[in-house]
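See structure below.
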Amino acid sequence: MPSIDPKELEALERRLPLKNLRHQFYHCLKTFRDRRFVRTLGQLCEYAELDTANFTPAVKRHLQRRVSEVCTVQQTFVKGSVVVEMYDDTDDNMRWAVKNGAIAVVTTRQIDQLPCIVVEFPPQVYALMCRYFRDLREVSVTAVTGSIGKTTVKRMVNAVYSAQTPTFCNTINYNTLYQVGYFVQHIPAHMPLMVQEVSEGTPRYTSMMSLVLRPRVAIITKTDISHFEFFESEEAIVGEICDVCRYMPSDGVVIVNKDEFKAYDLLGGRRVVTVSMTDNDADFFAQDIKTTPQGLAFKVCEKGSGQSYAVALHNIFAPHNVLNALYAFAAGVEEKIGYDHIISGLQSFTMLGMRQNIITTPDGITVYADCYNAVPNSIKTAIEGAMLVPVTGKKVVVLGDIAELGDRTSSSHDEIIAMADAADFDTVVLFGEKLREAAARHPFRQGLEVKACDSHQEIATLLGDLLRKGDLLLLKGSHSAHLEKVIKLLWPATFDQMVHDENDPYERWNKMVIRS
């Protein structure tokens with residue numbers, strides 16, 4: 001099979017928006033008047049002003065494979081559901097969806113004799129239809145959105161709720177309109193509570209997910225410049241996040257961080273509950289925060305009752321998780337979860353997979369795996385957490401480039417390099433062109449070893465020679481950097497166990513959905 005010229009492919013991918021196709025589809029709306037939400041490979045090439053006639057067969061196959069990676073309809077989100085044509089423009093995937101159990105597909109045109117609902121803008125109609133399914137259940141929904149920490153807070157809230165009552169919550173970060181719509185179509189009967197993560201990464205979509213969920217409790221985590229390239233300003237990101245409140249019932253409540261949140265005028269007059277790590281005037285605030293060899297310990301103080309409650313988080317050292325626990329504590333109180341259950345739920349909570357997960361490898365190395373996503377602030381909190389992990393050896397960090405920052409890309413990577421330099425690391429390993437460029441501009445402190453690698457294998461080889469028993473390794477970068485591959489290369493059995501631990505709760509949840 002002919003190989004692909006790396007230089008040809010690199011030049012192509014700089015022009016063709018392949019890395020973030022789903023988000024790039026939104027920008028295509030501004031170019032194509034027919035308002036179809038999706039693009040074929042040919043249309044994407046046309047949009048990028050590329051002449052496909054000159055592509056080699058190998059390049060064409062590569063591009064089609066890359067497009068298919070993000071366009072394929074997932075079987076998990078098909079059976080017994082209404083499917084919206086959001087990610088793909090091919091008839092074959094819609095035929096496949098119906099073949100695998102979809103009762104209808106929402107499209108912009110009729111496809112053969114399939115059960116199609118033909119509309120101009122499928123996502124809006126899909127949201128309205130899913131709202132119908134959601135209203136068939138008397139379930140109280142908690143929606144979690146924000147730029148950073150959504151999945152962790154969602155899982156903490158689920159741990160708190162589940163300690164007392166059955167709760168419908170998928171543990172994986174499935175948070176798009178398509179996925180949210182699928183979940184509300186499959187809420188089991190007599191399920192009292194549901195916790196759902198809501199993405200803020202695509203303009204206008206948070207309000208549609210609010211329409212679907214009609215959340216009684218909304219939690220807004222930290223807002224930041226995540227997905228900045230898809231918005232005109234930071235204010236636009238905050239506005240998108242606050243749209244989670246748009247279709248809340250009249251008794252809805254919004255839980256926010258009093259230390260940082262300022263956009264109260266965008267909450268539609270909903271009742272607000274505040275949490276804080278520093279302000280004793282918040283409704284729920286933390287005191288006596290301590291780091292122990294086992295993790296974080298602190299008191300949660302409730303302003304209204306004047307009571308305080310001792311809480312411990314196991315194997316969790318990053319201080320910002322105290323704030324995440326406060327969100328979950330406040331949500332538990334709002335949903336009338338008993339205080340003992342709230343505390344036991346938080347104390348039983350563990351990190352899973354590649355999010356702030358601290359594990360020890362068979363050769364005695366402590367790995368702080370936080371590989372899923374990143375912005376400068378989340379890198380800051382990861383570094384702070386890593387510095388508090390009790391180890392006896394040296395500390396090494398592997399940092400990956402951050403994606404989707406638009407015109408903040410250069411300054412953000414400069415900030416990341418400065419943070420790594422200021423921390424107490426012995427070695428900094430950089431992976432990505434943007435970090436390499438930022439490192440070239442930065443005067444590092446004397447004695448800090450800085451390495452740049454071009455592949456996961458190169459990183460693994462370097463770390464294999466460098467790390468010894470008692471050392472700490474922090475892995476932090478955007479999901480696009482795939483730093484989890486380093487763990488897979490160095491400790492394959494450990495990696496497989498981490499993947500299993502993350503997927504097993506979701507698989508059990510999915511089996512419950514299928515049974516229901």
Side-chain angles (χ1 to χ4, degrees), residues 19-20 69 148-149 151-152 172-173 224 226-227 317-318 351-361 363 365-387 389 391 394-405 409 412-413 415-417 419-421 423 425-439 449-467 471-503:
K19 291 185 177 179
N20 301 291
E69 285 173 0
I148 305 173
T151 304
T152 299
I172 309 296
N173 67 315
D224 210 298
S226 178
H227 309 295
F317 296 91
M351 296 293 185
L352 296 175
M354 304 300 163
R355 283 184 171 82
Q356 302 184 67
N357 193 6
I358 302 172
I359 54 99
T360 302
T361 67
D363 47 354
I365 296 165
T366 300
V367 177
Y368 191 128
D370 199 3
C371 311
Y372 189 78
N373 219 338
V375 292
N377 268 316
S378 68
I379 291 179
K380 178 177 181 290
T381 56
I383 290 174
E384 289 174 348
M387 293 297 102
V389 178
V391 294
K394 57 184 174 293
K395 296 181 178 181
V396 178
V397 60
V398 178
L399 297 172
D401 274 3
I402 301 180
E404 302 178 0
L405 293 179
T409 298
S412 294
H413 286 85
E415 184 180 351
I416 293 165
I417 290 295
M419 287 189 287
D421 185 23
F425 289 113
D426 298 283
T427 303
V428 175
V429 181
L430 306 176
F431 180 57
E433 180 183 347
K434 301 304 180 185
L435 282 172
R436 191 190 297 263
E437 292 173 354
E449 184 180 27
V450 181
K451 301 285 188 179
C453 295
D454 295 321
S455 70
H456 299 103
Q457 183 60 63
E458 186 179 350
I459 297 172
T461 301
L462 172 65
L463 295 178
D465 295 335
L466 180 65
L467 295 173
D471 291 348
L472 169 75
L473 170 64
L474 169 63
L475 294 159
K476 184 65 179 176
S478 274
H479 186 48
S480 58
H482 293 293
L483 293 182
E484 69 278 2
K485 292 182 179 180
V486 176
I487 303 175
K488 186 175 184 178
L489 288 168
L490 286 170
W491 305 284
T494 299
F495 174 84
D496 291 343
Q497 186 62 50
M498 293 172 72
V499 172
H500 173 270
D501 292 344
E502 182 177 27
N503 290 338

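Given the structure is predicted, the values throughout are model-derived calculations rather than measurements.
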Original post:
If you round to the nearest 0.5 Å, how far is NZ of Lys380 from CE of Met419?
Top reply: 8.0 Å
**OP:** Go through the steps to decide whether Ser378 and Lys476 satisfy the test side chain to side chain contact (heavy atoms under 4.5 Å, CB included), and finish with yes or no.
**Re:** CA-CA 9 Å; Ser378 68; Lys476 184 65 179 176; 3.6 Å; yes
Subject >> Closest non-hydrogen atom pair between Leu483 and Val398, with its separation >> reply: CD1-O, 3.7 Å
**OP:** Would you give the length of the straight line joining atom CD of Glu502 to atom CG of Asn357, rounded to the nearest 0.5 angstrom?
**Re:** 8.5 Å
Original post:
How would you list, by chain and number, every residue that makes a salt bridge (charged side-chain N to carboxylate O under 4.0 Å, His left out) with Lys451, sequence neighbours excluded?
Top reply: Glu449
Original post:
Of all heavy-atom pairs between Ala452 and Arg436, which one has the smallest distance, and what is that distance?
Top reply: CB-NH1, 3.5 Å
**OP:** Working to the nearest 0.5 Å, report the span between CG of Leu466 and CG of Asp426.
**Re:** 8.5 Å
Original post:
Okay, side chain of Asp401, backbone of Glu433: is any donor-acceptor separation there less than 3.5 Å?
Top reply: yes
Original post:
Which atom names give the shortest non-hydrogen contact between Ala382 and Leu474, and what distance separates them?
Top reply: O-CD2, 4.0 Å
Original post:
For Ile383 and Ala423, which heavy atoms make the closest approach, and how far apart are they?
Top reply: CG2-CB, 3.5 Å
Subject >> Within-4.5 Å side-chain heavy-atom neighbours: Arg355 and Asn173 >> reply: yes
Subject >> Main-chain N/O of Thr427 paired with Lys394 side-chain donor or acceptor, under 3.5 Å >> reply: no
**OP:** Report the C-alpha distance between Val391 and Ile365 in whole Å, list the side-chain angles of each, state the deciding distance to 0.1 Å, and finish with yes or no for side chain to side chain contact (heavy atoms under 4.5 Å, CB included).
**Re:** CA-CA 9 Å; Val391 294; Ile365 296 165; over 6 Å; no
Subject >> Chi angles and distances behind the side chain to side chain contact (heavy atoms under 4.5 Å, CB included) call for Asp471, Val396 >> reply: CA-CA 8 Å; Asp471 291 348; Val396 178; 5.8 Å; no
**OP:** Show the numbers, then the answer: is there a side chain to side chain donor-acceptor pair (under 3.5 Å) between His482 and Glu484?
**Re:** CA-CA 5 Å; His482 293 293; Glu484 69 278 2; 3.1 Å; yes
**OP:** Output yes when a side-chain donor or acceptor of Lys395 lies under 3.5 Å from a complementary backbone atom of Met387, and no otherwise.
**Re:** yes
Subject >> Spatial distance of atom CG (Leu435) from atom CG (Leu399) [nearest 0.5 Å] >> reply: 6.0 Å
Subject >> salt bridge (charged side-chain N to carboxylate O under 4.0 Å, His left out) partners for Glu458, two or more places apart >> reply: none
Original post:
If you round to the nearest 0.5 Å, how far is CD1 of Ile417 from CD of Glu437?
Top reply: 11.0 Å
Side chains of residues 487-497: which donor-acceptor partners sit under 3.5 Å, not counting sequence neighbours?
from   : atom 1 : to     : atom 2 : distance (Å)
Trp491 : NE1    : Asp363 : OD1    : 3.1
Trp491 : NE1    : Asp363 : OD2    : 3.3
Gln497 : NE2    : Asp501 : OD1    : 2.8

Original post:
CD1/Ile459 to SG/Cys453 distance, rounded to the nearest 0.5 angstrom?
Top reply: 5.0 Å
Original post:
Passes side chain to side chain contact (heavy atoms under 4.5 Å, CB included), Val486 versus Phe431? Steps please.
Top reply: CA-CA 11 Å; Val486 176; Phe431 180 57; over 6 Å; no
**OP:** Please report the shortest heavy-atom distance between Ala481 and Gly400, naming the atom on each side.
**Re:** CB-CA, 4.1 Å
